[in-house]
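Bear in mind that the values here come from a model prediction, so they are computed numbers and not experimental data.
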Amino acid sequence: MLVELLTSLFNIIIILAALYVITTSSIFVYIKLKFEPVKGVCKSNVRLDGKVALVTGGNQGIGLETARDLASRGAKIIIACRDGKKSADAIADIIKTTGNNNIEYKYLDLSSFRSVRSFADDFNQTYDRLDILINNAGCAGLKHKASEDGIDLVMQVNYLGPFLLTNLLLDKIKASPAGRIVIVSSLLHLFGRVTTSNLNGLQTKHYMRKYANSKLCDILWTRALAKRLPKNVLVNSLHPGVVKTDIFKRLDRYSLKWLMFLIEVLNFKTPKEGAQTSIYLAVSEEVDNISGKYFMECKEAEYSKVADSEDLVEDIWNKSVMLTS
């Protein structure tokens, strides 16, 4: 009797789990069909000879494919991230596939303001200008933990670290005849809710809410920064699409990993496909004089109505400056 009862309970659990997976994957299919019915492709043939491009997280995934494309156009590429070995492999790969030997690695840990300042000091002493800055590096699925700066790791890596880096490099970007700043956000910013009182992210516990909040901050930051830049510098943010990368590799729930694997098989883009909008915003003539906007599939898209609040945009900017000072 007990065995039969346990067997029945097990079967019920299996059925519920299957329904959960089917329902969740169906939601992702709906989102993909609604927001990504056609995969955008950057069609620009612009050359970047003599220009300097910095790509954070450029040693893997979307960042690697973005760096590869910019290198194929003749740009000097700086890959900024923590893993020197993986970066060396990425550089060898880029050189092999593009023939551009002008690729360099510099250590950068966005979870440490000290590291960001050290990187910026070195860059500012080495280069006369920066033509393209791709704020690509990001993380998700991390356990609730504060950085050495007292900031939630997800909020710091995805937002406040890049925010500080960009501000420290602004003089070099302004020195470019036509500078471009690209900020990789996410469609999940639509689920974000941020306040100045919790901008450090420490009061937010759920990993997906942390991620959504950090990506909403990227949208708010894009809008605030655009108002402060000279006409020769453009800044725009983007959703790269549902991309097959290892950003969710740290999910500590076995069932969630299997769910992400299933969704990946059904829906995810390749990193090369996911890099297209970043590349588009970095090089395309179609976005000349467009700044402070949000893009998907190489087209301007609507962002969260929350980001329409000018008061929130300014409040988050001012609090971000304070937290990174």
Query - Side chain S118, main chain R114, donor-acceptor under 3.5 Å - result: no
**Report entry** K299: salt bridge (charged side-chain N to carboxylate O under 4.0 Å, His left out) partners, not counting sequence neighbours
**Finding:** none
Query raised in the report: Mind checking whether I183 and L110 sit in one hydrophobic cluster, side chains of I, L, V, M, F, W, Y counted as touching below 4.5 Å?
Result: yes
Report task. Using a 4.5 Å cut-off on heavy atoms from C-beta on, say whether the side chain of R129 contacts that of P177. Result -> yes
**Report entry** Any V194 side-chain heavy atom under 4.5 Å of L220 side chain
**Finding:** yes
Report task. Mind checking the CG-CD1 spacing from D83 to I79? Nearest 0.5 Å is all I need. Result -> 11.5 Å
Query raised in the report: Do the side chains of M208 and L188 get nearer than 4.5 Å, heavy atoms only?
Result: yes
Requested in this report: Taking atom types as modelled, find out whether S115 and D109 have a side-chain donor-acceptor pair closer than 3.5 angstrom.
Outcome: no
Query raised in the report: If only atom types and distance count, is the side chain of N59 paired as donor or acceptor with the main-chain N or O of K86 below 3.5 Å?
Result: no
**Report entry** Short side-chain to backbone donor-acceptor contact, N158 and K215, under 3.5 Å
**Finding:** no
Report summary line: Taking every heavy atom of N100 against every heavy atom of G74, the minimum-distance pair comes out as ND2-C, 3.8 Å
Query - Test salt bridge (charged side-chain N to carboxylate O under 4.0 Å, His left out) applied to D69 - qualifying residues, sequence neighbours left out - result: R73
Query - Partners passing salt bridge (charged side-chain N to carboxylate O under 4.0 Å, His left out) against K210 (at least two apart in sequence or in another chain) - result: D152
**Report entry** Any donor-acceptor N/O pair, T56 side chain to A80 backbone, under 3.5 Å
**Finding:** no
**Report entry** Residue pair P240 / G274: nearest heavy atoms and the distance that separates them
**Finding:** CB-O, 3.4 Å
**Report entry** Side-chain touch L54/L169, heavy atoms, less than 4.5 angstrom
**Finding:** yes
Query - Min side-chain heavy-atom separation L108-L165 under 4.5 Å - result: yes
Report summary line: Residues at least two apart in sequence or cross-chain that pass ring pair (Phe, Tyr, Trp, His ring centres under 6.0 Å) with F113, listed by chain then number, are none
Query raised in the report: Can you tell me if Q276 uses its side chain to pair, donor with acceptor, with the backbone of K272 under 3.5 Å?
Result: yes
**Report entry** Shortest non-hydrogen contact from G57 toward A137
**Finding:** N-CB, 3.7 Å
Query raised in the report: Are V184 and N135 side-chain neighbours, meaning at least one heavy-atom pair lies under 4.5 Å?
Result: no
Query raised in the report: Quick one: are I78 and Y127 in side-chain contact, heavy atoms under 4.5 Å?
Result: yes
Query raised in the report: Should L160 and S320 count as side-chain neighbours, where that means a heavy-atom distance under 4.5 Å?
Result: yes
Report task. Mind listing the closest non-hydrogen atom pair of R117 and T324 along with its distance? Result -> NH2-O, 2.6 Å
Report task. State, without any angle test, whether S44 and E286 hold a side-chain donor-acceptor pair at a distance under 3.5 Å. Result -> no
**Report entry** Verdict with supporting geometry, S304 and I219, side chain to side chain contact (heavy atoms under 4.5 Å, CB included)
**Finding:** CA-CA 9 Å; S304 171; I219 303 293; over 6 Å; no
Query - R68 side-chain N/O to T97 backbone N/O, donor-acceptor pair under 3.5 Å - result: no
Query - Separation of M155 CE from S111 OG (nearest 0.5 Å) - result: 15.0 Å
Query raised in the report: Is the backbone N or O of D131 less than 3.5 Å from a side-chain atom of K51, with the two atoms forming a donor-acceptor pair by type?
Result: no
Requested in this report: Classify the angle between the aromatic ring planes of F163 and Y159 as parallel (below 30°), tilted (30 to 60°) or perpendicular (above 60°).
Outcome: tilted
Report task. Considering non-hydrogen atoms only, spot the tightest contact between G150 and N200 and give its length. Result -> O-CB, 4.0 Å
Query raised in the report: With sequence neighbours left out, what residues match D288 under side chain to side chain donor-acceptor pair (under 3.5 Å)?
Result: R180
Query - N-O pairing of D93 and K96 below 4.0 Å - result: no
Query raised in the report: Can I181 be reached from L130 by stepping across I, L, V, M, F, W or Y side chains whose heavy atoms are under 4.5 Å apart?
Result: yes
Report task. Using atom types as modelled and distance alone, determine if a side-chain donor or acceptor of H239 lies under 3.5 Å from a backbone N or O of S185. Result -> no
**Report entry** Single-linkage hydrophobic cluster L238~L190, side-chain heavy atoms < 4.5 angstrom
**Finding:** no
Donor-acceptor pairs under 3.5 Å, side chain of residues 227-235 to any protein atom, not counting sequence neighbours: which ones?
| unit_1 | atom_1 | unit_2 | atom_2 | d |
| --- | --- | --- | --- | --- |
| K227 | NZ | E310 | OE1 | 3.1 |
| K227 | NZ | E314 | OE2 | 2.6 |
| R228 | NH1 | A224 | O | 2.9 |
| R228 | NH1 | E314 | OE2 | 3.4 |
| R228 | NH2 | E314 | OE1 | 2.6 |
| N232 | ND2 | K174 | O | 3.1 |
| N232 | ND2 | S176 | O | 2.7 |

**Report entry** K172 side chain to N124 backbone, donor-acceptor under 3.5 Å
**Finding:** yes
Report task. For C139 and Y211, work out which heavy atoms get closest and say how close. Result -> O-CD1, 3.4 Å
Query raised in the report: How long is the gap from CG on L216 to OG on S237, to the nearest 0.5 Å?
Result: 10.5 Å
Requested in this report: Output yes when a side-chain donor or acceptor of Y105 lies under 3.5 Å from a complementary backbone atom of C81, and no otherwise.
Outcome: yes
